[in-house]
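Keep in mind that the numbers below use all heavy atoms, side chains included, and drop hydrogens, waters and symmetry copies.
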Amino acid sequence: MSVILCTAGYDHTIRFWEALSGICSRTIPHPDSQVNRLCISPDKRYLAAAGHHTIKLYDVRSTNPAAVITFEGHTSNITGLAFHCEGKWMVTSSEDGTVKIWDTRTGHIQRNYSHGVPVNDVVIHPNQGELISCDRGGNVRIWDLAENKCSHQLVPEEDKSVASVTVATDGSLLCAAVSNSVHGAVYVWRLITVRDVTSLVPVTSFKAHGTYITRVLLSPDVRHLATCSADHTARIWKVDLENVGPPPEEEVGDEEEAEPEEVGFELEQELDGHQRWVWDCAFSADSAYLVTACSDHYARLWELQSKNVIRQYNGHHRGAVCVALNDYSETR
């Protein structure tokens, strides 16, 4: 299985798709609740599905619809989900106000971090030593796993929920979506790591949509940023990497006084074939394709260069709100 593509949502099913043919190859029932997020382990062996209170881990290669393990401990909707690069642990965020790290072999909670307000998303820094999470209260927090504490707290806009965060695969950039019903902005920071200490320099912010942003995602090659929205579109922004180089020496570790630096985020594409809210997206490994999940029940595979829908995945009976794609080569 060189390409694994899965979608899920409010019809209580998880669907595996043949990416190119559009055929649904497997359906897993998820009777407990809707599925909020999906994540495929880096080795493509497992699929994690986050629901209302639990995360279930499924064997990708098995035909058994039962979960291999169920992770219990959250008390409200699970909103974010990510695997450690070797699959040893995974992290989740929840509307119960916590971020939790789980041992993927035992299902036990290893760490528990509190935001105090509903948490909307969490990602793992490529260095595997930091987590970045965001919440409904308007905070972005960086958690240092070695120090076992929150090392940074950012508030892009007072009292505006931060819906989603994404970090560049090379650890150079952090983007966060700040939005409400009439406002959808993206904030960008440069991440600088010196002697294992990460500092943040504000780079830019820009209006991406005129209403809620549901997801932000940097492409694997860090040349594109995808934003999904309640306005029935996904937008692709060109990341101007020319201006995101190492900072002058005096800026390092001086995040408070660093001057914001203009970096271009130019609108490249508007993917406008959706009929309702676009909830989630996933880039292909080569950054040339994007899969979107939409409340109109469909997932769509877009070729970004042509802006064409290559495939439409038709099978969900209610809104599709999450998608996971792993088409990385086995030898990476």
ring-ring contact (aromatic ring centres under 6.0 Å, His included) contacts touching residues 34-55 (sequence neighbours left out): none
Would you say L218 and T169 make side-chain contact, with heavy atoms under 4.5 Å? no
If I compare all heavy atoms of P65 with all of P29, which pair ends up nearest, and what's the gap? CB-CD, 4.1 Å
Of all heavy-atom pairs between V239 and L225, which one has the smallest distance, and what is that distance? CG2-N, 3.9 Å
Sub-4.5 Å side-chain heavy-atom contact between Y298 and Q275: no
Answer yes or no: is there a donor N or O on one side and an acceptor on the other, between the side chain of D327 and the main chain of A285, under 3.5 Å? yes
Determine whether N64 and D59 make a side-chain contact, defined as any pair of heavy atoms from C-beta on separated by less than 4.5 Å. no
Kindly say whether Y212 contributes a backbone atom to a donor-acceptor pair with the side chain of S229 at under 3.5 angstrom? yes
So, taking the atom named CD1 in I132 and the one named OG1 in T198, what distance separates them when rounded to the nearest 0.5 Å? 8.0 Å
So, Y313 side chain and A19 main chain: donor-acceptor pair closer than 3.5 Å or not? yes
Report yes if some heavy atom in the side chain of I40 is under 4.5 Å from a heavy atom in the side chain of F83; otherwise report no. no
Backbone N or O of I4 within a donor-acceptor pair of the N326 side chain at under 3.5 Å? no
Give the C-alpha distance, both sets of side-chain angles, the deciding distance and a yes or no for side chain to side chain contact (heavy atoms under 4.5 Å, CB included) between W89 and D103. CA-CA 5 Å; W89 50 267; D103 186 317; 5.8 Å; no
Quick one: do the S287 and D221 side chains pair a donor with an acceptor below 3.5 Å? yes
Indicate yes or no for a side-chain donor-acceptor contact from Q269 to the backbone of L304 under 3.5 Å, with no hydrogens or angles considered. yes
E303 CD to L290 CG distance, which is reported to the nearest 0.5 Å: 12.5 Å
Checking side-chain polar atoms at under 3.5 Å, does N120 have a donor or acceptor matched by the opposite partner on S161? yes
Group every Ile, Leu, Val, Met, Phe, Trp and Tyr by side-chain heavy-atom contacts under 4.5 Å, then state whether V178 and V167 land in the same group. yes
Nearest 0.5 angstrom please: R26 CZ to I14 CD1, how far? 9.0 Å
Between the side chain of D96 and the main-chain N/O of T75, is any donor-acceptor distance below 3.5 Å? yes
Within the structure provided, determine whether T214 and W277 are in side-chain contact (heavy-atom separation under 4.5 Å). yes
Looking only at the side chains, is there a donor atom on one of D121 and S164 sitting less than 3.5 Å from an acceptor on the other? yes
Side chain to side chain contact (heavy atoms under 4.5 Å, CB included) evaluation trace for H115 with R136: CA-CA 10 Å; H115 272 248; R136 205 175 288 173; over 6 Å; no
Can you give me the closest heavy-atom contact between V119 and C134, atom names plus distance? CG1-O, 3.1 Å
Check the pair F71, K100 against side chain to side chain contact (heavy atoms under 4.5 Å, CB included), reporting the backbone distance first and the verdict last. CA-CA 11 Å; F71 301 82; K100 298 184 192 297; over 6 Å; no
Taking L145's backbone N and O only, do any of them form a donor-acceptor pair with R111's side chain (distance below 3.5 Å, no angle check)? yes
Spacing of CG belonging to D240 relative to CZ belonging to F265, to within rounding of 0.5 Å: 8.5 Å
Are the side chains of N77 and Q34 in contact, using a 4.5 Å heavy-atom criterion? yes
Could you walk me through whether C228 and D280 pass the side chain to side chain contact (heavy atoms under 4.5 Å, CB included) test, one step at a time? CA-CA 6 Å; C228 301; D280 198 9; 5.8 Å; no
Where do A48 and M90 come nearest, in terms of heavy atoms and distance? CB-SD, 4.2 Å
Hydrophobic cluster membership, with links at side-chain heavy-atom distances under 4.5 Å among I/L/V/M/F/W/Y: are V188 and V216 in one? yes
Can you classify the ring geometry of H274 versus W302 as parallel (below 30°), tilted (30 to 60°) or perpendicular (above 60°)? tilted
Might you work through the side-chain hydrogen bond (donor to acceptor under 3.5 Å, both in side chains) test for H209 and S179, ending with a clear yes or no? CA-CA 9 Å; H209 297 268; S179 67; over 6 Å; no
Main-chain N/O of R61 paired to K44 side chain as donor or acceptor, under 3.5 Å: no
For L20, I'd like to know if atom CG has over 12 heavy atoms of other residues, nucleotides or ligands within 6.0 Å. no
Close side-chain approach of R45 to V60, heavy-atom, < 4.5 Å: no
Between atom OG1 of T7 and atom CZ of R300, what is the distance when rounded to the nearest 0.5 Å? 12.0 Å
Please report the shortest heavy-atom distance between I69 and R105, naming the atom on each side. CD1-O, 3.8 Å
Quick check on the hydrophobic clustering: are V35 and I28 connected, directly or via other members, by side-chain heavy-atom contacts under 4.5 Å? yes
Once you round to the nearest 0.5 Å, how far does OG1 of T193 lie from CG of L200? 9.0 Å
If you take all heavy atoms of D135 and P118, which pair is closest and at what distance? CB-O, 3.2 Å
Taking the six-membered ring for Trp, are W143 and Y113 parallel (under 30°), tilted (30 to 60°) or perpendicular (over 60°)? parallel
State whether the number of non-hydrogen atoms from other residues, nucleotides or ligands found under 6.0 Å of Q153 atom CD is greater than 12. yes
With side chains defined as the heavy atoms from C-beta onward, is the minimum distance between E157 and H183 less than 4.5 Å? yes
Going hydrophobic residue to hydrophobic residue with side-chain gaps under 4.5 angstrom, can you get from V122 over to I124? yes
Going only through I, L, V, M, F, W and Y residues with side-chain contacts under 4.5 Å, is there a path from Y187 to I142? yes
Among D231, N180, V182, find the one that has a side chain to side chain contact (heavy atoms under 4.5 Å, CB included) with T211. D231
Return yes if a side-chain donor-acceptor contact under 3.5 Å exists between S93 and T79, otherwise no. yes
Closer than 3.5 angstrom, by distance alone: can the side chain of K307 be matched with the main-chain N or O of E270 as a donor-acceptor pair? yes
